[in-house]
Amino acid sequence: MTLGTGVSPVRRRVGMVCIAVTALSIGCRAPALPREVRYAVMGAYASVIVGSRDAGKAEAYAKIAETVMREIEDELSLYRSNSVLSQLNAVAGTGSVEAGSHLRANLALARRYGDLSGGAFDVTVGPLVRLWGFSGGKTPVEVVPEAMIAAARARVGYRNIRLEDGRASLAQPGMRVDLGGIAKGYAVDVCGDLLRARGARDFTINLAGNMRCFGRPSPERSWRIGVRDPFRGEETLGMLDLADGMAVSTSGNYERFVEIDGHRYAHIIDPRTGRPVEGMAGVTVLAPTAADADALSTALFVVGVEAGAEIMGGIPRGEALFVPDRQPLEILVTRGMARMFHPRPDVADRVRVIAPRD
Ligand code: AMP
Ligand code: MG
């Protein structure tokens, strides 16, 4: 009954960040390695990397991004009792809070992805997330009984979030909004847009595996990142080319998990069953914004390969890569992803394009 890795969220997430960054460096090997600056924020690590046209600006960009991310954290953290999000949860069913711009934006995105995924992505999944021992909840000593799951599920439903005249409220007592599946991607977009507005051209921002790329590392290359191999620690399954402005996000069962009776349960919950999702090891999504990629990677982790590919069909420039949690290894990719993903030579024969449904 131990918590997955027994380390803080920052430590647990660091592997994935390192991979993305290491892989980035590989993709942009000599002559001029892009400069990277890292810092800890929102319970994770963030990094900014600059390309040749923005050489020498990495520190300045990182400073701006860090300031903005801290502001977002102040508003949206579940671990701070005075954040607007914590206050919203505290008055569930009884009152409302004045929502800042970040909370308003996240709640609007949450509704959009809730609708788009048929409820698989649901930011009100908080009571279930805690019940299974995540997000500050106590690790269960046994598999959570059905009656407790049903009681928590009764308090889940993103349509019960109200946003009116700048005030947010939750219709039912005991509801809990958890933005862990989207806020980091959102933060990456806000920072990316701000830096662009200030003249930045060639850079990437990464927050816990939610990354957005602008421009290119050098005139002759595009940004490349590694997709982590869910079964082999720090190794990559392959490299992904990223066009200007595109974002990528990965949701994995290895990021955070609890162990109950020798069985591992991942931190992503299927709101429809109230249980941690099983059967998926990792999902990587490519999308036009980091908020899109973040929410969609979580949503696709829940709905699985076929329904996930269908959802991606409705996202312009959206592509996905799925790794089911079984052996032998399978890497299932949407058609466009197949063109951008360069597998490690020894797994190249494991890649299969998902056939569109008739
Ligand atoms: P990610 O790592 O982006 O896939 O987000 C996972 C986090 O999102 C979890 O740690 C929870 O905080 C939250 N979460 C879990 N299940 C869901 C879900 N079905 N919909 C939305 N957020 C979720
Ligand atoms: Mg996500």
Side-chain angles (χ1 to χ4, degrees), residues 9 12-21 23-24 41-49 65 69 72 105-106 109-110 112-113 116-117 120-121 123 178-193 204-214 223-230 236-243 245-256 266-268 277 280-303 308-309 311-312 315-323 331-334 336-337 340-341:
R12 267 180 258 138
R13 289 245 175 191
V14 85
M16 184 172 56
V17 179
C18 283
I19 282 303
V21 171
L24 253 170
V41 67
M42 294 173 87
Y45 278 113
S47 79
V48 172
I49 298 179
M69 284 179 185
I72 294 172
N106 271 271
L109 287 165
R112 177 160 156 226
Y113 291 108
L116 206 75
S117 65
F121 183 84
V123 295
D178 178 336
L179 297 172
I182 191 170
K184 293 189 180 74
Y186 165 81
V188 165
D189 286 331
V190 173
C191 295
D193 292 344
T204 76
I205 301 183
N206 182 359
L207 176 52
N210 301 285
M211 176 181 270
R212 185 129 179 233
C213 300
F214 295 94
W223 294 108
R224 277 202 139 182
I225 68 135
V227 177
R228 176 167 161 171
D229 183 338
T236 55
L237 277 181
M239 307 297 289
L240 199 53
D241 286 327
L242 290 176
M246 291 299 279
V248 66
S249 170
T250 295
S251 292
N253 68 355
Y254 48 84
E255 287 175 46
R256 270 180 214 195
H267 65 136
I268 299 176
V277 176
M280 193 63 80
V283 176
T284 295
V285 167
L286 206 77
T289 73
D292 288 335
D294 192 358
L296 286 167
S297 68
T298 309
L300 267 52
F301 194 93
V302 176
V303 301
I311 290 173
M312 292 312 291
I315 310 290
R317 304 181 76 198
E319 303 293 345
L321 178 153
F322 302 81
V323 182
I331 305 170
L332 305 167
V333 294
T334 54
M337 179 65 87
M340 288 169 263
F341 178 62

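Here the CG atom belonging to Asn106 is positioned 6.0 Å from the OH atom belonging to Tyr186, to the nearest 0.5 angstrom. For the atom pair CG of Leu237 and CZ of Phe341, the computed distance is 5.5 Å after rounding to the nearest 0.5 Å. Note that OG of Ser117 is 9.0 Å distant from CG of Leu300, once rounded to the nearest 0.5 Å. Atoms CD1 and CG, from Ile315 and Leu286 in turn, are 12.0 Å apart once rounded to the nearest 0.5 Å. Atom CZ of Phe214 is separated from atom CE of Met246 by 11.5 Å, given to the nearest 0.5 angstrom. Here Thr284 contributes atom OG1 and Leu296 contributes atom CG; the two are 12.5 Å apart, rounded to the nearest 0.5 Å.
For Asp178, the side chain to side chain donor-acceptor pair (under 3.5 Å) partners are Ser135, not counting sequence neighbours. With sequence neighbours excluded, the residues that form a side-chain contact (heavy atoms from CB on, under 4.5 Å) with Ala187 are Met42, Met69, Ile72, Leu207. Remark: Ala281 pairs with Pro230, Phe231, Asn253, Val323, Asp325 by the side-chain contact (heavy atoms from CB on, under 4.5 Å) rule, at least two apart or across chains. For Asp189, the side chain to side chain donor-acceptor pair (under 3.5 Å) test picks out Arg212, with sequence neighbours left out. Every side chain to side chain donor-acceptor pair (under 3.5 Å) that Thr289 has, sequence neighbours left out, goes to Asp292. Checked against side-chain contact (heavy atoms from CB on, under 4.5 Å), Asp241 has the following partners two or more places apart in sequence or in another chain: Ser222, Arg224, His342.
When the options Asn210, Ile225, Val227 are evaluated for a side-chain contact (heavy atoms from CB on, under 4.5 Å) with Val248, the one that passes is Ile225.
The main-chain N or O of Val285 is never found under 3.5 Å from a side-chain atom of Ser297 such that the two would form a donor-acceptor pair. In this structure a side-chain-to-backbone donor-acceptor pair under 3.5 Å is present from Glu319 to Gly336.
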